[in-house]
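Keep in mind that this is a model prediction, so the values were computed, not measured.
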Amino acid sequence: MGLVYPPLASSDYFEKNFNASLCLMKYGKQGEIIVNGKSFNKPMPGVPSLTDLEIAEIATYINNSWGNQNKIVEISQVTSALNECGTK
């Protein structure tokens with residue numbers, strides 16, 4: 001059986017593609033991504049109504065849950081990432 005959703009626990013994709021992960025939350029993603037060496041190829045819809053603050057809060061939660069021990073995500077970091085990704 002195929003893999004449906006990529007993991008958030010110890011996700012190498014989230015760490016290596018942090019800005020793209022922020023964009024994914026808002027704009028979604030089509031096509032394959034590789035997470036922890038495994039392929040995931042299901043559409044991941046975004047939530048366009050999320051504010052920069054909400055994305056920062058979600059990213060901070062992911063950064064500090066499921067065994068992850070990372071930093072707080074600043075709103076300015078989210079704004080910068082979203083400005084770079086546009087609606088790609």
Side-chain angles (χ1 to χ4, degrees):
M1 184 170 221
L3 300 171
V4 179
Y5 298 107
L8 293 173
S10 304
S11 170
D12 63 351
Y13 183 88
F14 191 74
E15 289 185 25
K16 293 177 184 174
N17 302 283
F18 187 72
N19 285 352
S21 296
L22 299 175
C23 293
L24 191 153
M25 289 181 204
K26 185 155 185 129
Y27 300 117
K29 180 162 178 56
Q30 298 284 327
E32 179 185 47
I33 68 169
I34 305 296
V35 180
N36 298 343
K38 296 180 181 173
S39 172
F40 297 86
N41 196 7
K42 299 282 184 193
M44 290 185 277
V47 183
S49 62
L50 287 173
T51 66
D52 293 7
L53 171 61
E54 290 167 328
I55 293 171
E57 291 172 334
I58 293 166
T60 296
Y61 180 78
I62 293 168
N63 265 346
N64 293 284
S65 300
W66 304 293
N68 300 325
Q69 295 179 347
N70 294 304
K71 62 183 188 251
I72 292 173
V73 178
E74 300 291 335
I75 298 169
S76 60
Q77 189 176 2
V78 172
T79 301
S80 176
L82 294 179
N83 285 337
E84 288 181 22
C85 68
T87 57
K88 294 179 185 175

query: Atom OG in S11, atom CD1 in I62: separation rounded to 0.5 Å?
result: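 Output value for this atom pair is 8.5 Å.
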field: Contacts of T51 that satisfy side-chain contact (heavy atoms from CB on, under 4.5 Å) - sequence neighbours left out
entry: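 Per chain and number, T51 pairs via side-chain contact (heavy atoms from CB on, under 4.5 Å) with L53, E54.
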query: Do other residues, nucleotides or ligands put more than 12 heavy atoms under 6.0 Å from the CD1 atom of I72?
result: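 Incorrect, the count does not exceed 12.
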message: Test of understanding: clusters of I, L, V, M, F, W, Y form through side-chain heavy atoms closer than 4.5 Å, transitively. Do L50 and Y61 belong to the same one?
response: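 Yes, one cluster joins them.
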query: Are side-chain heavy atoms of F14 and P7 found at a separation under 4.5 Å?
result: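 With C-beta onward as the side chain, the pair stays apart.
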- request: Could you tell me which non-hydrogen atom of C23 sits nearest to which non-hydrogen atom of A81, and how far apart they are?
  value: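 Looks like SG-O, 3.5 Å.
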query: Got a donor-acceptor contact below 3.5 angstrom from the K26 side chain to the V47 backbone?
result: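 No: the side chain of K26 does not pair with the backbone of V47.
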message: Tell me the closest heavy-atom pair linking V35 and P6, and the distance in Å.
response: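 Looking at all heavy atoms of both residues, the shortest contact is CG2-CB, 3.6 Å.
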query: Within the side chain of S80, is there an N or O that forms a donor-acceptor pair under 3.5 Å with the backbone of S76?
result: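 Not a single qualifying donor-acceptor pair exists.
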- request: Kindly compute the distance separating CG (L8) from CG (N63), expressed to the nearest 0.5 Å.
  value: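 Between L8 CG and N63 CG, I get 10.5 Å after rounding to 0.5 Å.
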query: Do you know which two heavy atoms are closest between L24 and M44, and how far apart they sit?
result: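 Closest approach of L24 to M44: CD1-CE, 3.9 Å.
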task: Give a yes/no verdict on a cation-pi contact between K29 and Y13, requiring under 6.0 Å between NZ or CZ and the six-membered ring centre and an angle within 45° of the axis.
output: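 Cation-pi check for K29 and Y13: fails.
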query: Can you list the residues that meet the side chain to side chain donor-acceptor pair (under 3.5 Å) rule with T79, with sequence neighbours excluded?
result: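 Expected list: D52.
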message: Can you give me the closest heavy-atom contact between D12 and G37, atom names plus distance?
response: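 In this case the closest contact between D12 and G37 is OD2-N, 4.2 Å.
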field: Check against side chain to side chain contact (heavy atoms under 4.5 Å, CB included), L82 and I55
entry: CA-CA 10 Å; L82 294 179; I55 293 171; 3.9 Å; yes
Residue pair Q77 / L22: nearest heavy atoms and the distance that separates them: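 Where Q77 meets L22 most closely, the heavy atoms are O-CD1, 4.3 Å.
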query: Which atom pair, heavy atoms only, marks the closest approach of A59 to V73?
result: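 Residues A59 and V73, closest heavy atoms: CB-CG2, 3.7 Å.
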